2 protein chains.
Amino acid sequence: MTPAYDVFDDRCPTRMVLDRLADKWALLVLDRLKGGPVRFNHLRRDIRGLSQKVLSQTLKRLERDGLVKRTVHPTVPVSVDYALTPLGQTLTETVAAFAHWAELNMDAVLAAQAAYDTASVG
Amino acid sequence: MTPAYDVFDDRCPTRMVLDRLADKWALLVLDRLKGGPVRFNHLRRDIRGLSQKVLSQTLKRLERDGLVKRTVHPTVPVSVDYALTPLGQTLTETVAAFAHWAELNMDAVLAAQAAYDTASVG
DNA sequence: TGACCAGGTTTCCCTCGGGAAACCAACGAA
DNA sequence: TTCGTTGGTTTCCCGAGGGAAACCTGGTCA
């Protein structure tokens with residue numbers, strides 16, 4: 001069968017999905033959620049540099065896309081947690097692979113940058 | 001051994017790498033290069049919606065990070081092709097997984113969006 | 001009544017991304 | 001000499017992204 005969608009076509013809806021996923025904050029949130037539900041302020045504290053507003057927007061988009069489930073617990077004060085949906089879980093390995101790649105190959109990238117910059121200057 | 005880098009720390013250089021990789025255009029370029037070297041204008045034509053300026057910038061960054069190798073062939077007129085470096089090739093599976101995920105799960109995402117929007121309206 | 005918690009939303013404001021289109025360099029062909 | 005090729009760079013300009021910080025909404029406690 002021929003593929004129904006083509007990510008190289010700018011009129012293809014997969015571009016929209018790629019746009020959403022190709023987002024630093026969304027990736028970090030998804031990666032942080034892979035161990036189980038996490039509460040709003042906990043996410044905010046764990047992902048350094050992520051502002052309240054952007055976290056809120058990111059979570060809303062991920063929820064709309066069916067990747068994350070928002071659950072309100074009627075405690076006092078109210079607590080809200082976010083968890084991966086089954087669909088979202090199908091992404092965990094890929095997302096984790098990304099984060100891990102960055103951590104594992106950081107040295108190589110830094111070395112390449114240094115070499116590139118030296119070559120340009122000299 | 002403890003991990004030297006932590007992607008959740010905003011002062012960690014991996015954040016820089018994640019920023020670069022969490023870019024729609026960079027992902028599409030890397031995915032397009034996985035089959036072998038491709039020339040500038042060929043990339044531009046294949047990746048619909050990618051402007052000359054942005055492609056140029058994207059390639060330069062990827063080259064600086066050591067993921068892509070730029071080769072100039074002294075033909076007439078000059079031709080330039082771009083290929084994945086060995087480091088870049090370690091990313092191909094992950095990048096392809098992303099693109100494929102988008103293509104495979106597009107329907108589920110669209111359905112989730114429709115459901116979300118209906119719930120919000122009603 | 002006022003203070004404090006979680007979990008947001010809104011406002012202000014400024015930077016950066018990126019599209020369009022012109023320009024440029026080198027070279028060969030007509 | 002003008003045109004066409006490839007592979008860019010530069011300029012202009014606008015709109016989205018996102019940081020900071022104030023505000024809001026329950027609800028409970030003191």
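Proteins get letters first, then strands, A, B, ... in listed order; numbering begins at 1 in each. FYI, side chains are in, hydrogens and waters are out, and symmetry mates aren't considered; it's all heavy atoms of this structure. Computed from a prediction, not measured in an experiment: that's the story for all the values here.
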In whole angstrom, give the distance that lies between atom CD of B:Glu63 and atom P of D:dG8. 9 Å
For residues A:Thr14 and B:Glu103, report the shortest heavy-atom separation together with the two atoms involved. CG2-CA, 3.7 Å
Atom-to-atom span, NE2 of A:His42 to C1' of C:dG8 - whole angstrom: 18 Å
Which nucleotide, D:dG8, C:dT9, D:dT6, lies nearest any side-chain atom of B:Asn41? D:dT6
What's the CG-P distance between B:Asp19 and C:dT15, to the nearest Å? 19 Å
When you check the phosphate oxygens OP1 and OP2 of C:dG8, does a side-chain N or O of A:Lys60 lie under 4.0 Å from one of them? no
A:Arg44 CZ - C:dG7 C1' separation (whole Å): 10 Å
Nearest to the side chain of A:Ser51 - D:dG7, D:dG19, C:dA6? D:dG19
So does A:Ser56 get a side-chain nitrogen or oxygen closer than 4.0 Å to the phosphate oxygens (OP1/OP2) of C:dG8? no
Looking at A:Arg39, does any N or O in its side chain come under 4.0 Å of the phosphate oxygens OP1/OP2 on C:dG7? yes
Does some side-chain heavy atom of A:Leu62 sit less than 4.5 Å from a side-chain heavy atom of A:Tyr82? no
Write down the distance between CD (B:Gln52) and P (C:dC24), rounded to a whole number of angstrom. 15 Å
Heavy-atom closest contact (A:Ala26 atom, A:Thr58 atom, distance): CA-CG2, 3.7 Å
Within the 4.5 Å heavy-atom criterion, are A:Trp101 and B:Glu93 side-chain neighbours or not? no
Could you say whether A:Asp23 or A:Val78 is positioned toward the 5' end of DNA chain D, judged by the nucleotide with the nearest heavy atom to each? A:Asp23
Given D:dG18, D:dT9, D:dG8, identify the nucleotide with an atom nearest to the side chain of B:Arg70. D:dG8
Can you work out whether A:Val76 or A:Gln57 has the more 5'-proximal nearest nucleotide on DNA chain D? A:Gln57
Nearest heavy atoms of A:Leu27 and B:Ala22, plus distance in Å: CD1-CB, 4.0 Å
When the distance from CG of B:Leu59 to P of D:dG7 is rounded to whole Å, what number comes out? 11 Å
Of the candidate nucleotides D:dG18, C:dG18, D:dG7, which contains the atom at the shortest distance from the side chain of B:Lys53? C:dG18
Can you measure A:Leu55 atom CG to D:dA21 atom P for me and round it to whole angstrom units? 18 Å
Roughly, in whole Å, what's the span from CZ in A:Arg61 to C1' in D:dA16? 10 Å
C:dG19, D:dG8, D:dG19: which one has an atom nearest the side-chain heavy atoms of A:Trp25? D:dG19
Using the closest heavy atom to pick a nucleotide of DNA chain C for each, name whichever of A:Val80 or B:Val54 lands nearer the 5' end. A:Val80
Counting only side-chain heavy atoms from C-beta out, which of C:dG19, D:dG8, C:dG8 sits nearest to A:Phe40? C:dG8
Pick base, sugar-phosphate or nothing for B:Lys24, based on heavy-atom distances below 4.0 Å to the nucleic acid. nothing
Between A:Arg48 and B:Asp9, does the salt bridge (charged side-chain N to carboxylate O under 4.0 Å, His left out) criterion hold? Intermediate values first, please. CA-CA 5 Å; A:Arg48 310 298 303 179; B:Asp9 183 351; 5.8 Å; no
